[in-house]
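Residue numbers run from 1 in the order of the sequence given. FYI, side chains are in, hydrogens and waters are out, and symmetry mates aren't considered; it's all heavy atoms of this structure.
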Amino acid sequence: VIFKEHFIDFIIKEKMDEQDKGRCKLAYEQSLPLKVWIIKNFHAPYLKKDNRLHLSKISGVDETRIQQWFANMRRRFWKPIMNSDQPEGR
C-alpha cells in the first residue's frame, strides 16, 4: 500500500514538474486516462492489446505512443518503487 502511495505521488509530481526538455509531452487530458489505468493496475501495469485500443480511443493517442508511455512509467517510477529496500511499514 505504501508503495502505491509513492507511485501516485510520482505520477502527480510528473504533472507539476513538466518542463519542455525537447520532448513532445502528452497533454494533461490525454495522459489522464493512462494515469488512472496505471494507478488502478499498480500490481501489474502491463497493457494487453484490448486495453491499449481502448485507451487509444478515449485519449486520442496512438497505440505506439501509449506503449512507450507505459514503458517509461514502469522504468522511471514503478520499478524503482518496487525495487526499493524500504520496508512497507514506513
(message) Under the rule for salt bridge (charged side-chain N to carboxylate O under 4.0 Å, His left out), what residues qualify as partners of K48, not counting sequence neighbours?
(response) none
(message) Suppose we screen for side-chain contact (heavy atoms from CB on, under 4.5 Å). Which residues come up paired with K57, at least two apart in sequence or across chains?
(response) none
(message) Quick check: do L26 and L34 have side-chain heavy atoms less than 4.5 Å from each other?
(response) yes
(message) Is the shortest side-chain heavy-atom distance between L55 and L47 below 4.5 Å?
(response) yes
(request) Determine yes or no for a side-chain-to-main-chain donor-acceptor pair under 3.5 angstrom, with W78 supplying the side chain and F42 the backbone. (result) yes
(message) To check you understand the geometry: which heavy-atom pair defines the closest contact between W37 and A44, and what is its length?
(response) CH2-O, 4.3 Å
Can you tell me how far [atom2] of [Y] sits from [atom1] of [X], rounded to the nearest 0.5 angstrom?
{"X": "S59", "Y": "I66", "atom1": "OG", "atom2": "CD1", "answer": "4.0 Å"}
{"X": "N72", "Y": "R65", "atom1": "CG", "atom2": "CZ", "answer": "10.5 Å"}
{"X": "M73", "Y": "I39", "atom1": "CE", "atom2": "CD1", "answer": "10.5 Å"}
{"X": "R74", "Y": "Y46", "atom1": "CZ", "atom2": "OH", "answer": "5.0 Å"}

(message) Taking L53 as the starting point, is it possible to reach F70 by hopping between hydrophobic residues whose side chains are less than 4.5 Å apart?
(response) no
(message) Going by the rule side chain to side chain donor-acceptor pair (under 3.5 Å), which residues pair with E63 if we only count those two or more places apart in sequence or in a different chain?
(response)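 By the side chain to side chain donor-acceptor pair (under 3.5 Å) rule, E63 matches K49, R52.
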(request) Tell me, with the steps shown, if W69 and I38 meet side chain to side chain contact (heavy atoms under 4.5 Å, CB included). (result) CA-CA 11 Å; W69 186 91; I38 203 167; 4.3 Å; yes
